[in-house]
Novice: 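This is the structure, below, for whatever I ask next.
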Amino acid sequence: MIEMYLLEQLLAFSQCGTLSAASEKLHVSQPALSHSMKKLEELMGVPLFERTKNRIALNENGKLAADCAAKILEQEREMIERVRLLDQSRRTITLGACAPVPVADLVPILSRVYSGMTIASEIRNSDEELLAGLEKNQYQILVLHEKPEGEELYFEAYREEHLMLQLPENHPLSAKEQLYLQEIDGQNLLLYTKIGFWYELCRQKLPNAHFLMMNEFDAFGEVAGAGAFPSFVTEAAAGGELPEGRKAIPILDEEANVTYYCVCAKKDKKRFEPLYQGLRRFEKHSDR
């Protein structure tokens, strides 16, 4: 049976190209590494190296073995990560969300109905990242902004969110009652960076805009409420209130008006039914 450390050392040699460089990377002596490579050849029963007086290099057998070693080591890392995440999921419910508003919606419900669990949350910029995390048990609950596909998933739509441009009442665009993103492209805009998919949407749809980036929410709120630059807001985040002297103009692009979907693995539907019940009540309340 080949031990993992031998595969790690073979891969290091393949990547570094010399025994001296590989031994330095692995923090082992060069004679010890050379001994390990001979041991690996003995275990496999085939030569893996071409040896000359001053040089050792992988032969075709060795190159194939190194490629296989890389895959085996990656599978080992993935196995360990998935087992650890599964164990963590028994004590912690981790919500992965595509935007901040769903985190504010779901965390209080999760904390209330799963009072014995630790509740954690993360915001990601793409639904694809979140779905990959669900598959690995990195997340147990997701909120996506596009309807998911897959027979192994259970989901319910629970609310909408609509993007608006907030700007001073004396701004040239303030006479508009509604806008398309292309009308905003080229403007100087204030942008908060920690907004999940909204950030990517703004960067992609406004390639010619000049963004002033901010990653501190309180500071962003102060500047957005009193500064000269327009910024983005939604009806959910604004809570129906705007700073004095500011106007919010709805953006009509389809991508700027989203429906959120709460997603879990279908096998976990029963476990998270109390959450979905809470969201159904939340939806009815928000419609009033």
Side-chain angles (χ1 to χ4, degrees), residues 95-109 121-127 130 143-146 157-262 279 282-283 285-288:
L95 163 67
C98 63
V101 164
V103 174
D105 292 340
L106 268 68
V107 167
I109 301 175
S121 63
E122 293 182 352
I123 296 174
R124 296 295 182 195
N125 288 7
S126 77
D127 288 2
L130 293 167
V143 177
L144 310 179
H145 72 287
E146 294 181 350
Y158 90 94
R159 79 170 297 163
E160 297 179 355
E161 189 173 19
H162 307 282
L163 193 65
M164 300 183 288
L165 185 69
Q166 175 184 276
L167 71 177
E169 291 180 346
N170 61 358
H171 192 279
L173 290 175
S174 65
K176 298 274 189 177
E177 294 302 319
Q178 53 193 24
L179 286 165
Y180 285 96
L181 288 170
Q182 64 181 10
E183 299 178 78
I184 306 170
D185 199 16
Q187 294 284 327
N188 296 319
L189 298 168
L190 185 66
L191 186 64
Y192 181 55
T193 58
K194 300 177 182 179
I195 49 174
F197 85 96
W198 290 119
Y199 175 83
E200 297 297 335
L201 174 68
C202 293
R203 296 306 305 268
Q204 291 171 9
K205 291 293 183 178
L206 303 169
N208 301 306
H210 306 286
F211 290 107
L212 173 61
M213 305 288 190
M214 298 191 70
N215 57 18
E216 294 293 336
F217 183 74
D218 290 341
F220 170 80
E222 291 181 12
V223 176
F229 285 178
S231 59
F232 292 105
V233 69
T234 71
E235 85 295 346
E241 297 182 5
L242 289 173
E244 185 177 352
R246 314 294 286 191
K247 179 179 180 180
I249 304 175
I251 296 173
L252 298 182
D253 300 68
E254 182 179 353
E255 303 95 324
N257 297 278
V258 302
T259 298
Y260 288 128
Y261 298 89
C262 184
L279 288 177
F282 175 91
E283 182 180 18
H285 176 76
S286 63
D287 287 340
R288 288 201 290 269

Novice: Determine, stepwise, if the pair I251 / F232 fulfils side-chain contact (heavy atoms from CB on, under 4.5 Å).
Specialist: CA-CA 10 Å; I251 296 173; F232 292 105; 3.6 Å; yes

Novice: Applying salt bridge (Lys or Arg N to Asp or Glu O under 4.0 Å), name anything that partners E183, two or more places apart in sequence or on another chain.
Specialist: K176

Novice: Kindly give the heavy-atom pair with the smallest separation between E177 and P250, and that separation in Å.
Specialist: O-CD, 3.4 Å

Novice: Can you tell me how far apart CD1 (I249) and CG (L163) are? Round to the nearest 0.5 Å.
Specialist: 12.0 Å

Novice: What closest approach, in Å, do P102 and Y158 show between heavy atoms, and which atom pair accounts for it?
Specialist: CA-OH, 3.3 Å

Novice: Output every pair passing salt bridge (Lys or Arg N to Asp or Glu O under 4.0 Å) with a member in residues 190-206, not counting sequence neighbours, ordered by first then second residue.
Specialist: K205-E255

Novice: Within a strict 4.5 Å, meaning less than it, do heavy atoms of the P230 and Q166 side chains meet?
Specialist: no

Novice: Using 0.5 Å steps for rounding, measure from the SG atom of C98 to the CG atom of L201.
Specialist: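 Going from SG on C98 over to CG on L201, the span is 11.5 Å.
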
Novice: Under a 4.5 Å cut-off applied to non-hydrogen side-chain atoms, are L189 and F229 in contact?
Specialist: no

Novice: Under 4.5 Å between any side-chain heavy atoms of W198 and T234, yes or no?
Specialist: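 Heavy-atom side-chain distance check passes, below 4.5 Å.
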
Novice: Quick one: closest heavy-atom pair of L181 and L206, and the distance?
Specialist: O-CD2, 3.1 Å

Novice: List the atom of E146, the atom of D127, and the distance in Å for their closest heavy-atom pair.
Specialist: N-OD2, 3.2 Å

Novice: Between D105 and Y260, is there a side-chain donor-acceptor contact under 3.5 Å, judged purely by atom types and distance?
Specialist: no

Novice: Just to verify, what does E216 make a salt bridge (Lys or Arg N to Asp or Glu O under 4.0 Å) with, not counting sequence neighbours?
Specialist: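 Partners of E216 under the salt bridge (Lys or Arg N to Asp or Glu O under 4.0 Å) test: none.
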
Novice: Can you tell me which residue pairs pass the ring-ring contact (aromatic ring centres under 6.0 Å, His included) test with a partner in residues 163-192, sequence neighbours excluded?
Specialist: Y192-F217, Y192-F220

Novice: Please examine the side chains of H210 and Q187, heavy atoms only from C-beta on, and report whether any two atoms are closer than 4.5 Å.
Specialist: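 No. Closest side-chain heavy atoms not under 4.5 Å.
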
Novice: Just to verify, what does N208 make a side-chain hydrogen bond (donor to acceptor under 3.5 Å, both in side chains) with, not counting sequence neighbours?
Specialist: D185

Novice: CG of N215 to CG of L191: how many Å apart, nearest 0.5 Å?
Specialist: 11.0 Å

Novice: Sequence neighbours excluded, which residues qualify as ring pair (Phe, Tyr, Trp, His ring centres under 6.0 Å) partners of F211?
Specialist: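 By the ring pair (Phe, Tyr, Trp, His ring centres under 6.0 Å) rule, F211 matches no residue at all.
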
Novice: Looking at residues at least two apart in the chain, or sitting in another chain, which of them share a side-chain hydrogen bond (donor to acceptor under 3.5 Å, both in side chains) with S174?
Specialist: none

Novice: Applying salt bridge (Lys or Arg N to Asp or Glu O under 4.0 Å), name anything that partners E122, two or more places apart in sequence or on another chain.
Specialist: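 Once residues adjacent in sequence are excluded, the partners of E122 under the salt bridge (Lys or Arg N to Asp or Glu O under 4.0 Å) criterion are R124.
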
Novice: Taking only residues two or more places apart in sequence, or in another chain, which ones meet E254 in a salt bridge (Lys or Arg N to Asp or Glu O under 4.0 Å)?
Specialist: none

Novice: Quick one: pull up CE in M164 and CG in N257 and give me the separation to the nearest 0.5 Å.
Specialist: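 Rounded to the nearest 0.5 Å, the CE-CG separation comes out at 10.0 Å.
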
Novice: Please enumerate all residues that pass ring pair (Phe, Tyr, Trp, His ring centres under 6.0 Å) together with Y199, with sequence neighbours excluded.
Specialist: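 By the ring pair (Phe, Tyr, Trp, His ring centres under 6.0 Å) rule, Y199 matches no residue at all.
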
Novice: Please test V143 against V103 for side-chain contact (heavy atoms from CB on, under 4.5 Å), starting from the C-alpha separation and ending with a verdict.
Specialist: CA-CA 8 Å; V143 177; V103 174; over 6 Å; no

Novice: Find the distance between CD (Q178) and CG (L165) and round it off to the nearest 0.5 Å.
Specialist: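 It comes to 13.5 Å.
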
Novice: Residues two or more places apart in sequence or in another chain: which of them pass side-chain hydrogen bond (donor to acceptor under 3.5 Å, both in side chains) with D253?
Specialist: none

Novice: Can you name the residues that form a side-chain hydrogen bond (donor to acceptor under 3.5 Å, both in side chains) with E160, not counting sequence neighbours?
Specialist: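 Counting only residues at least two positions away or on another chain, E160 forms a side-chain hydrogen bond (donor to acceptor under 3.5 Å, both in side chains) with H162.
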
Novice: How many angstroms lie between CD1 in I123 and CG in L130, if you round to the nearest 0.5 Å?
Specialist: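 That separation rounds to 10.0 Å.
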
Novice: Within the 4.5 Å heavy-atom criterion, are N188 and L212 side-chain neighbours or not?
Specialist: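 The answer is no; the side chains never approach within 4.5 Å.
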
